[in-house]
A.B. asks: 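Take a look at this one; I'll ask things after.
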Amino acid sequence: MIALAKAGYRCEIEGCQHELFIRANDKHTYTEPHHLVPMSVQREFKYSLDIPENIVSLCSSCHNQIHYGKEADKLLEELYKKRKNLLIKCGILINFSQLKTIYKLHKDDDE
């Protein structure tokens, strides 16, 4: 919840126009936490990926688009550019090409 709170319970995709709703159990808008560098590749990193710097706040639509949409790379690149320096400070060393490959492999697994 730290990452969602830091994002103000808003989708971190610039210009996102998707309608948000209020959570049933509190006063915040509903967004979903998403590990930018997926936890499934934790074994490839020395430092934990389960940290607020690696978690972005996304609306349901943008979250699904990152996993399943044709324009996923654009959203992924935007988030990577925003988080790159924070990831480096935390010892999570990954370039955008490597990140895209990870997501591509996950999409192939889903098919």
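Counting from 1, the numbers follow the sequence of the chain as shown. For the numbers below, each heavy atom of this structure counts, side chains included, while hydrogens, waters and symmetry mates do not.
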A.B. asks: Hey, can you tell me if His34 and His67 have their rings parallel, tilted or perpendicular (30° and 60° cut-offs)?
C.D. replies: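 The arrangement is perpendicular - the two ring planes meet at more than 60°.
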A.B. asks: Calculate, to the nearest 0.5 Å, the distance between atoms CD and SG belonging to Gln17 and Cys59 respectively.
C.D. replies: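 One finds 10.5 Å between CD of Gln17 and SG of Cys59.
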A.B. asks: Once rounded to the nearest 0.5 Å, what's the spacing between atom OG of Ser48 and atom CD1 of Ile92?
C.D. replies: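 Answer for the OG-CD1 pair, Ser48 versus Ile92, is 7.0 Å.
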A.B. asks: For Thr31, is there any backbone N or O sitting under 3.5 Å from a side-chain donor or acceptor partner on Arg23?
C.D. replies: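 Between the backbone of Thr31 and the side chain of Arg23 there is a qualifying donor-acceptor contact (under 3.5 Å).
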A.B. asks: Might you point out which heavy atoms bring Ser61 and His18 nearest each other, and give the distance in Å?
C.D. replies: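 Scanning both residues, the minimum pair turns out to be OG-NE2, 3.3 Å.
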A.B. asks: Can any side-chain N or O of Gln98 pair as donor or acceptor with the backbone N or O of Asn95 at less than 3.5 Å?
C.D. replies: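 Confirmed, Gln98 side chain pairs with Asn95 backbone.
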A.B. asks: Taking atom CD of Glu14 and atom CG of Leu75, what is their separation to the nearest 0.5 Å?
C.D. replies: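 Glu14 CD to Leu75 CG: 12.0 Å, rounded to 0.5 Å.
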A.B. asks: Given side chains that start at C-beta, do those of Leu76 and Phe96 come closer than 4.5 Å, heavy atoms only?
C.D. replies: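 Yes, side chains in contact.
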A.B. asks: So Tyr68 and His63, do their side chains get closer than 4.5 Å, heavy atoms only?
C.D. replies: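 The answer is no, as the side chains (C-beta and beyond) never meet within the 4.5 Å cut-off.
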A.B. asks: So, taking the atom named CZ in Arg83 and the one named CD1 in Ile88, what distance separates them when rounded to the nearest 0.5 Å?
C.D. replies: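 Output value for this atom pair is 13.5 Å.
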A.B. asks: Verify the neighbour count for atom OH of Tyr47: are there more than 12 heavy atoms of other residues, nucleotides or ligands below 6.0 Å?
C.D. replies: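 Not more than 12 within 6.0 Å, no.
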A.B. asks: Rounded to the nearest 0.5 Å, what separation is found between the CG atom of Leu49 and the CG atom of Leu87?
C.D. replies: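 So the gap between those two atoms works out to 9.0 Å.
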A.B. asks: Show the nearest heavy-atom pair for residues Leu93 and Phe45, with the distance to one decimal.
C.D. replies: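 For Leu93 and Phe45, the tightest heavy-atom pair comes out as O-CE2, 3.7 Å.
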A.B. asks: Looking only at the side chains, is there a donor atom on one of Ser60 and Glu32 sitting less than 3.5 Å from an acceptor on the other?
C.D. replies: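 A donor-acceptor contact under 3.5 Å links the two side chains.
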A.B. asks: Starting at CG of Leu36, measure out to CD1 of Ile66 and round the result to the nearest 0.5 Å.
C.D. replies: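 Answer for the CG-CD1 pair, Leu36 versus Ile66, is 7.5 Å.
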A.B. asks: Just wondering, do Lys89 and Glu53 contact through their side chains at under 4.5 Å, heavy atoms?
C.D. replies: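 Contact flag for Glu53/Lys89 side chains = no.
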A.B. asks: Would you check if Pro38 and Tyr103 make a side-chain contact, meaning some heavy-atom pair closer than 4.5 Å?
C.D. replies: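 Yes, side chains in contact.
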A.B. asks: Are Glu77 and Lys81 within salt-bridge range, i.e. N to O under 4.0 Å?
C.D. replies: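 The answer is yes: the pair qualifies as a salt bridge.
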A.B. asks: Are side-chain heavy atoms of Ile2 and Ile55 found at a separation under 4.5 Å?
C.D. replies: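 Heavy-atom side-chain distance check fails, nothing below 4.5 Å.
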A.B. asks: Strictly below 4.0 Å, N to O, side chains only: are Lys6 and Glu12 in salt-bridge contact?
C.D. replies: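 Salt bridge absent between Lys6 and Glu12.
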